[in-house]
Amino acid sequence: MEDDRLVIAGEELGSRLIMGTGGAPSMSALRAALAASGTELTTVAMRRVDPSARGSVLDVLSECGIRVLPNTAGCFTAGEAVLTAKLAREALGTAWVKLEVIADEHTLLPDPIELVEAAEQLVADGFVVLPYTNDDPVLARRLEQIGCAAVMPLGSPIGSGLGIRNPHNIELIVERAGVPVILDAGLGTASDAALAMELGCDAVLLATAVTRARRPERMAAAMRHAVEAGRLARLAGRIPKRRYAQASSPFEGIATS
Ligand SMILES: CC(=O)[C@@H](O)[C@H](O)COP(=O)(O)O
């Protein structure tokens with residue numbers, strides 16, 4: 001599948017699995033899981049990491065040769081998110097940002113008003129903005145029109161493991177998107193990741209399903225295969241669903257007594 005690379009803002013990635021790092025039981029477990037996942041891009045919560053401290057998740061990513069995607073996790077307003085993105089750009093030397101603006105601690109759902117406001121400011125300031133958004137086709141379209149480099153609709157609430165609650169909306173987002181669609185949050189197991197890709201998403205971002213699995217490294221490998229399988233199935237084209245049975249072998253020419 002070397003000719004089927006993910007391109008975001010003109011940059012190619014060999015893996016369609018983007019990893020998050022939250023919830024990892026240890027740095028060594030995280031390192032093993034990231035290696036098993038085959039990811040080339042991994043998010044780091046800039047409000048929870050000290051870029052100058054040694055032994056942090058940033059060191060793990062650098063040792064593994066994985067590109068860092070700073071995120072604005074923990075921000076509740078556009079102002080906080082914009083400031084966090086700017087600090088990340090200064091500390092890490094990247095203009096890419098995964099934009100998260102959360103409405104409340106209880107649901108951890110995106111606040112669409114603050115999200116649009118932050119996206120507008122960051123795009124205007126030259127950032128490559130990848131917004132974590134609700135599974136709302138209208139909002140996804142709006143974020144693309146603002147100039148976001150991808151849209152990242154949730155499958156279900158962060159950390160819930162509930163999978164993709166509204167596959168129809170994800171299909172609607174994919175149908176009209178002119179930028180990559182990355183399914184982000186809520187995936188629980190490998191079949192959820194495969195479904196995201198079968199629905200036409202360009203990539204998947206997940207954390208909890210791997211970091212809180214009984215065996216993170218194994219689940220990371222499962223996710224890697226699931227993303228690849230789902231992508232292959234999407235490109236192959238699934239058969240249409242039929243209401244009634246259809247013999248897989250034709251009956252014509254069968255000898256009758
Ligand atoms: C928006 C957000 O924070 C998610 O990217 C999270 O990092 C991954 O969600 P899961 O932990 O549910 O996979």
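The first residue of the sequence shown is numbered 1, and numbering continues consecutively from there. Computation of the quantities below employed the complete heavy-atom set of this structure, encompassing side-chain atoms and omitting hydrogens, waters and symmetry-equivalent molecules. Both counts, for ligands and for their atoms, begin at 1 and track the order of listing.
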Worksheet item: So is there a nitrogen or oxygen of Asp184 less than 3.5 Å from a nitrogen or oxygen in ligand 1?
Response: yes

Worksheet entry | N-O pairing of Arg238 and Glu198 below 4.0 Å | no

Item to complete: Specify the protein heavy atom at minimum distance from atom 13 (O) of ligand 1: its residue, its atom name, and the distance to 0.1 Å.
Response: Ala207 N, 2.8 Å

Discussion item. Salt bridge or not between Asp184 and Lys98? Use side-chain N to carboxylate O under 4.0 Å.
Written reply: yes

Discussion item. I'd like to know whether ligand 1 has Ala73 as a neighbour, heavy-atom separation below 4.0 Å.
Written reply: no

Worksheet item: Given Thr208, Leu205, Asp192, Val210, which has its nearest heavy atom closest to atom 11 (O) of ligand 1?
Response: Thr208

Worksheet item: Short N/O distance, under 3.5 Å, between Ser160 and ligand 1?
Response: no

Worksheet item: Between the candidates Met152, Lys98, Met223, Arg212, which shows the shortest non-hydrogen contact distance to atom 1 (C) of ligand 1?
Response: Lys98

Item to complete: Take atom CZ of Arg67 as the centre, draw a 6.0 Å sphere, and report whether it contains more than 12 heavy atoms from other residues, nucleotides or ligands.
Response: yes

Discussion item. Closer than 4.0 Å to some heavy atom of Tyr132 - which atoms of ligand 1 meet that?
Written reply: 1 (C)

Discussion item. Is there a path of hydrophobic side-chain contacts, each under 4.5 Å between heavy atoms, that joins Val57 and Met46?
Written reply: yes

Practice prompt. Decide whether the shortest distance between a heavy atom of Ala209 and an atom of ligand 1 is less than 4.0 Å.
Written response: no

Discussion item. Would you compute the distance between atom CZ of Arg89 and atom CG of Leu122 and round it to the nearest 0.5 angstrom?
Written reply: 8.0 Å

Worksheet item: In terms of atom number and element, which parts of ligand 1 are under 4.0 angstrom from non-hydrogen atoms of Glu100?
Response: 1 (C), 2 (C), 3 (O)

Discussion item. Please determine whether residues Leu154 and Val227 belong to a single hydrophobic cluster, defined as Ile, Leu, Val, Met, Phe, Trp and Tyr linked transitively by side-chain heavy-atom distances below 4.5 Å.
Written reply: no

Worksheet item: Which ligand 1 atoms, with their elements, are less than 4.0 angstrom from a heavy-atom of Gly159?
Response: 10 (P), 11 (O), 12 (O)

Item to complete: May I ask you to check if ligand 1 and Leu206 share an N or O to N or O distance below 3.5 Å?
Response: no

Worksheet item: Do Leu17 and Ile170 share a hydrophobic cluster (ILVMFWY, side-chain heavy atoms under 4.5 Å, transitive)?
Response: yes

Discussion item. Need the ligand 1 atom indices (1-based, order shown) with element for anything under 4.0 Å from a heavy-atom of Ala185.
Written reply: 9 (O), 10 (P), 12 (O)

Fill in: Enclosure of Glu90 CD (heavy-atom neighbours >12, cutoff 6.0 Å)
no

